[in-house]
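Presented below is the structure to which this report refers.
Keep in mind the model is a prediction, meaning the values are calculated, not measured.
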Amino acid sequence: ALSHQQQVYDILLREAAAAVQAVAQDPAWVGGTVGILAVLHTWSRTLTYHPHAHLLVTAGALAADDSAWLKPAHARFLAPGYALSQVFRARLRAALNRAGLAAGLDPALWNRKWVVHVQQIGRGEHAALYLSRYVYRVALSNDRIERFANGEVTFRYTHARTHETRRMTLPVEQFIDRFLLHTLPRGFAKVRSYGLLSSSNGKKLERARQILEQHARAALPPCAPTNVTES
C-alpha cells in the first residue's frame with residue numbers, strides 16, 4: 001500500500017463498499033441497495049501506517065424494483081461481520097491480483113481470519129458527527145503535541161482498548177516520518193459515495209427519500225379534532 005498508494009487506496013475503498021453491498025443485497029440480511037459513504041483513514045492512534053476504511057451505511061435498503069424501503073432482516077444489525085470479512089477478503093484479493101499487486105504477498109494472508117468491525121452509530125446528526133472526525137482531521141492535531149525538547153517530540157493519544165490517555169516520545173526525524181506517511185497522493189478523493197449515495201443513482205436516492213418521508217408521515221399520531229363554535 002505504501003509503494004502503490006493511489007492503486008491500493010482506490011481498491012480498498014471500492015472493494016470495502018462492494019463487500020457491504022454484496023452482503024446487503026442478500027435477502028437473508030437486507031435484500032436491496034444500501035447507501036454508503038466511505039472515508040479513507042491511514043493512521044493508528046500512534047501515527048503508525050494503518051490504511052483502512054470507515055463506511056457509514058444506511059440502516060436499510062431500497063428494494064430492487066424501487067417499490068419499498070427494506071429494513072434489515074435482523075433487528076440488531078444490518079449485516080454480520082463474519083460474512084462481510086469473508087466477502088471483503090475475497091474481493092480485495094481478486095482486485096489486487098487484477099492490478100498485479102499481489103505477487104509479493106505472503107499466501108498465508110488469505111488463510112487468516114479477517115476482522116470487520118461493525119457497530120451501530122446512531123442516526124442523523126450523531127452519525128454525521130462521527131464520520132466528520134475522519135473527514136476533516138489530519139493525522140495529528142496541534143493540541144495533542146505536548147512537548148518538543150532535546151530533539152524529541154512528545155504527543156498524547158487514547159489507547160484503543162483501555163481508553164486511557166497515554167503519551168509517546170519520538171525522535172523528531174521519526175515523528176516527521178510517521179506524520180508524512182499519511183500525506184495522500186495529489187488529487188486523491190478520500191471521501192467517496194457508493195450505492196444509493198453514488199452520483200449515478202440520483203433517481204433511486206430520491207425514490208428512497210420519498211418512501212421514507214411517507215413512512216415518517218404515517219408514523220405521526222393523528223391530530224385531535226378541533227371544534228369550532230360560531231356566535
> Should Val57 and Val87 be regarded as members of a common hydrophobic cluster, given that ILVMFWY residues are connected when their side-chain heavy atoms come within less than 4.5 Å of each other, either directly or indirectly?
Replying inline: yes
> Is there any salt bridge (Lys or Arg N to Asp or Glu O under 4.0 Å) pair reaching into residues 181-193, and which pairs are they, with sequence neighbours excluded?
Replying inline: Asp10-Arg192
> What's the spacing between Trp69 CH2 and Arg209 CZ if we round to 0.5 Å?
Replying inline: 10.5 Å
>> Quick check: do Leu92 and Trp114 have side-chain heavy atoms less than 4.5 Å from each other?
In response: yes
> Is the backbone N or O of Val39 less than 3.5 Å from a side-chain atom of His41, with the two atoms forming a donor-acceptor pair by type?
Replying inline: no
> Once you round to the nearest 0.5 Å, how far does NZ of Lys203 lie from CG of Leu196?
Replying inline: 15.0 Å
> Who passes ring-ring contact (aromatic ring centres under 6.0 Å, His included) against Phe77, sequence neighbours left out?
Replying inline: His74
> Mind checking whether Leu197 and Leu205 have side chains closer than 4.5 Å, heavy atoms only?
Replying inline: yes
>> Counting only heavy atoms from other residues, nucleotides and ligands, does the tally under 6.0 Å from CD of Gln120 exceed 12?
In response: no
Please output the side-chain donor-acceptor pairs of residues 19-31 that fall under 3.5 Å, not counting sequence neighbours, one pair per line with the distance.
from  : atom 1 : to    : atom 2 : distance (Å)
Gln21 : OE1    : Val34 : N      : 3.3
Gln21 : NE2    : Gly32 : O      : 3.1
Asp26 : OD1    : Ala28 : N      : 2.9

> Under 3.5 Å, side chain of Asn97 to main-chain N/O of Ala102, donor-acceptor pair present?
Replying inline: no
> Residues two or more places apart in sequence or in another chain: which of them pass ring-ring contact (aromatic ring centres under 6.0 Å, His included) with Phe179?
Replying inline: none
> Does Leu184 belong to the same Ile/Leu/Val/Met/Phe/Trp/Tyr cluster as Ile11, with side-chain heavy atoms less than 4.5 Å apart forming each link?
Replying inline: yes
> Rounded to the nearest 0.5 Å, how far apart are CZ of Phe175 and CD1 of Ile145?
Replying inline: 4.0 Å
> Between CD1 of Ile176 and CG of Leu170, what distance do you get to the nearest 0.5 Å?
Replying inline: 11.0 Å
>> Just to verify, what does Asp65 make a side-chain contact (heavy atoms from CB on, under 4.5 Å) with, not counting sequence neighbours?
In response: Ala63, Ser67
> Which atom pair, heavy atoms only, marks the closest approach of Ala16 to Ala53?
Replying inline: CB-CB, 4.5 Å
>> Under the salt bridge (Lys or Arg N to Asp or Glu O under 4.0 Å) definition, can you give me all pairs with a residue in residues 86-101, not counting sequence neighbours?
In response: Glu15-Arg91, Glu15-Arg98
> Taking only residues two or more places apart in sequence, or in another chain, which ones meet Leu181 in a side-chain contact (heavy atoms from CB on, under 4.5 Å)?
Replying inline: Leu2, Tyr49
>> Looking at every heavy atom in both Ser193 and Leu37, which two are closest together, and how far apart are they?
In response: OG-CD1, 3.4 Å
> If you round to the nearest 0.5 Å, how far is NE2 of His54 from CG of Leu13?
Replying inline: 11.0 Å
> Got Met168 and Arg178 here, is their nearest side-chain heavy-atom distance under 4.5 Å?
Replying inline: yes
>> Run the side-chain contact (heavy atoms from CB on, under 4.5 Å) test against Ala73 and tell me which residues pass, sequence neighbours left out.
In response: none
> Do you reckon Leu180 sits in the same ILVMFWY cluster as Val172, going by side-chain contacts under 4.5 Å, direct or chained?
Replying inline: yes
>> So, taking the atom named CG in Asn142 and the one named CG in Leu140, what distance separates them when rounded to the nearest 0.5 Å?
In response: 8.0 Å
> Looking only at atom types and distance, does a side-chain atom of Thr58 sit under 3.5 Å from a main-chain N or O of Gly35, one as donor and one as acceptor?
Replying inline: yes
> Within the distance-only criterion (no hydrogens, no angle test), does the side chain of His159 pair as donor or acceptor with the backbone N or O of Thr162 below 3.5 angstrom?
Replying inline: yes
> What heavy-atom pair brings Ile36 and Ala17 nearest, and what distance separates the two atoms?
Replying inline: CD1-O, 3.5 Å
>> Just to verify, what does Glu213 make a side-chain contact (heavy atoms from CB on, under 4.5 Å) with, not counting sequence neighbours?
In response: Arg217
> Which pair of heavy atoms, one from Ala68 and one from Leu62, lies closest together, and at what distance?
Replying inline: O-CD1, 3.6 Å
> Are any side-chain N or O atoms of Trp110 and backbone N or O atoms of Ala90, one a donor and one an acceptor, separated by less than 3.5 Å?
Replying inline: no
> What residues, two or more places apart in sequence or in another chain, satisfy salt bridge (Lys or Arg N to Asp or Glu O under 4.0 Å) together with Asp66?
Replying inline: Lys204
> How about Arg167: does its CZ atom have over 12 heavy atoms from other parts shown lying under 6.0 Å from it?
Replying inline: yes
> What pairs with Glu164 under salt bridge (Lys or Arg N to Asp or Glu O under 4.0 Å), at least two apart in sequence or on another chain?
Replying inline: Arg166
>> Test of understanding: clusters of I, L, V, M, F, W, Y form through side-chain heavy atoms closer than 4.5 Å, transitively. Do Ile121 and Tyr194 belong to the same one?
In response: no
Please table the atom pairs, donor to acceptor, closer than 3.5 Å between any side-chain atom in residues 151-158 and protein atoms at least two apart or in another chain.
from   : atom 1 : to     : atom 2 : distance (Å)
Thr154 : OG1    : Thr169 : OG1    : 2.7
Arg156 : NH1    : Asp143 : O      : 2.8
Arg156 : NH1    : Glu146 : OE2    : 3.3
Arg156 : NH2    : Asp143 : O      : 3.3

> Which pair of heavy atoms, one from Leu105 and one from Leu109, lies closest together, and at what distance?
Replying inline: CD1-CD2, 4.2 Å
> For the residue pair His50 and Ser44, what are the closest heavy atoms and their distance?
Replying inline: CB-N, 4.1 Å
> Does any non-hydrogen side-chain atom of Phe88 lie less than 4.5 Å from one of Leu12?
Replying inline: yes
